[in-house]
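In what follows, a single structure is set out as structure tokens and then discussed.
In what follows, every chain begins at residue 1, and chains take the letters A, B, ... in the order their sequences are listed. Everything numeric here is computed off the predicted structure, so don't read it as measured data. Atoms considered below: every heavy atom in the structure, side chains included; atoms not considered: hydrogens, waters and symmetry mates.
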Amino acid sequence: ELQLVESGGGLVQPGGSLRLSCTASGFTFSTYSMNWVRQAPRKGLEWVSYIGPSSGSIHYADSVKGRFTTSRDNAKNSLYLQMNSLRDEDTAVYYCATDLPNPMGFWGHGTLVTVSS
Amino acid sequence: DIQMTQSPSSLSASVGDGVTITCRASQGIGNYLAWYQQKPGKVPELLIYTTSTLQSGVPSRFSGSGSGTDFTLTISSLQPEDVATYYCLKYNSAPRTFGPGTKVDIK
């Protein structure tokens with residue numbers, strides 16, 4: 001059964017850092033590109049980042065560029081999002097989603113990040 | 001960067017009605033357009049990719065069309081379980097961009 005499980009969310013102060021993880025199972029993780037997507041409370045979906053199967057291609061939304069870093073460890077079937085210099089507007093549910101086999105064809109259930117003092 | 005707009009932002013229709021949602025890109029994106037459905041309190045799900053291809057398991061009352069800059073999602077006969085917010089996504093190149101969403105309710 002396909003599964004994506006996000007973890008690492010929580011409450012952090014503005015300017016702080018947090019590292020999210022997404023653990024995959026039920027498919028050949030190393031074959032597929034991955035995405036992070038976020039959704040602020042009562043708002044729409046915002047694509048955050050993309051990473052290719054072998055990490056050769058990585059892209060970010062302008063809103064997080066220079067502050068967030070996406071990486072993956074195919075040996076551990078895991079995707080990561082290192083978030084630095086966090087701002088109030090980064091408060092959101094963060095989803096990982098795989099391009100399996102179609103764009104963002106499967107999503108995890110998300111992890112909540114709250115940036116507040 | 002390419003911007004995505006959707007119209008209407010919300011709509012209310014009766015069970016059995018046909019419903020059409022429009023998505024427009026500020027520049028041409030070929031047919032690299034997908035649609036997602038997010039039911040209240042749930043995770044988004046892929047409905048349609050490459051403009052008109054239904055994801056496996058999606059009911060045939062959903063259809064997509066368009067190319068270039070103008071795209072539509074059509075629900076041929078609205079059902080109670082279709083109450084959701086619908087988002088388009090362009091994925092021809094980075095950055096990927098979602099539309100702002102269209103909320104669909106039952107009248």
Less than 4.5 Å to any heavy atom of chain B: does that hold for the side chain of V48(A), its backbone, both, or neither? neither
Most contacts with chain A, counted as non-hydrogen pairs under 4.5 angstrom, among K42(B), Q55(B), E45(B): Q55(B)
Quick one: which of A94(B), G101(B), A34(B) has the most heavy-atom pairs under 4.5 Å with chain A, could you say? A94(B)
CG of D99(A) to CZ of R96(B): how many Å apart, nearest 0.5 Å? 4.0 Å
Linking I/L/V/M/F/W/Y whenever any side-chain heavy atoms sit under 4.5 Å apart, do I21(B) and F62(B) land together? yes
Return the CG to CG distance between L100(A) and L46(B), rounded to the nearest 0.5 Å. 10.5 Å
Pick one of side chain, backbone, both or neither for E46(A), based on which atoms fall under 4.5 Å of a heavy atom in chain B. backbone
Mind checking whether D62(A) and P95(B) have side chains closer than 4.5 Å, heavy atoms only? no
Going hydrophobic residue to hydrophobic residue with side-chain gaps under 4.5 angstrom, can you get from L18(A) over to V5(A)? no
So if you build clusters from Ile, Leu, Val, Met, Phe, Trp, Tyr with side-chain heavy-atom gaps below 4.5 Å, do Y49(B) and L54(B) land together? no
Between V64(A) and I51(A), is there a shared hydrophobic cluster once you connect ILVMFWY residues whose side-chain heavy atoms come closer than 4.5 Å? yes
Using the rule that Ile, Leu, Val, Met, Phe, Trp and Tyr join whenever any side-chain heavy atoms are under 4.5 Å apart, tell me whether F71(B) and V58(B) fall into a single cluster. yes
Tell me if the OH atom of Y32(B) is crowded by more than 12 foreign heavy atoms within 6.0 Å. no
So what's closer than 4.5 Å to chain A heavy atoms on Y36(B): side chain, backbone, both or neither? side chain
Could you measure the distance from the CD atom of Q38(B) to the CH2 atom of W107(A)? Nearest 0.5 Å is fine. 7.5 Å
Check V43(B) against G108(A) and note the closest heavy-atom contact, atom names and distance. CG1-O, 3.4 Å
Find the distance between OG1 (T97(B)) and CH2 (W47(A)) and round it off to the nearest 0.5 Å. 7.5 Å
Just wondering, more than 12 heavy atoms not from R67(A) lying within 6.0 Å of its CZ? yes
Please round to the nearest 0.5 Å and tell me the distance separating atom CE of M104(A) and atom CZ of F98(B). 4.0 Å
Supply the atom-to-atom distance N102(A) CG to Y91(B) OH, rounded to the nearest 0.5 angstrom. 7.0 Å
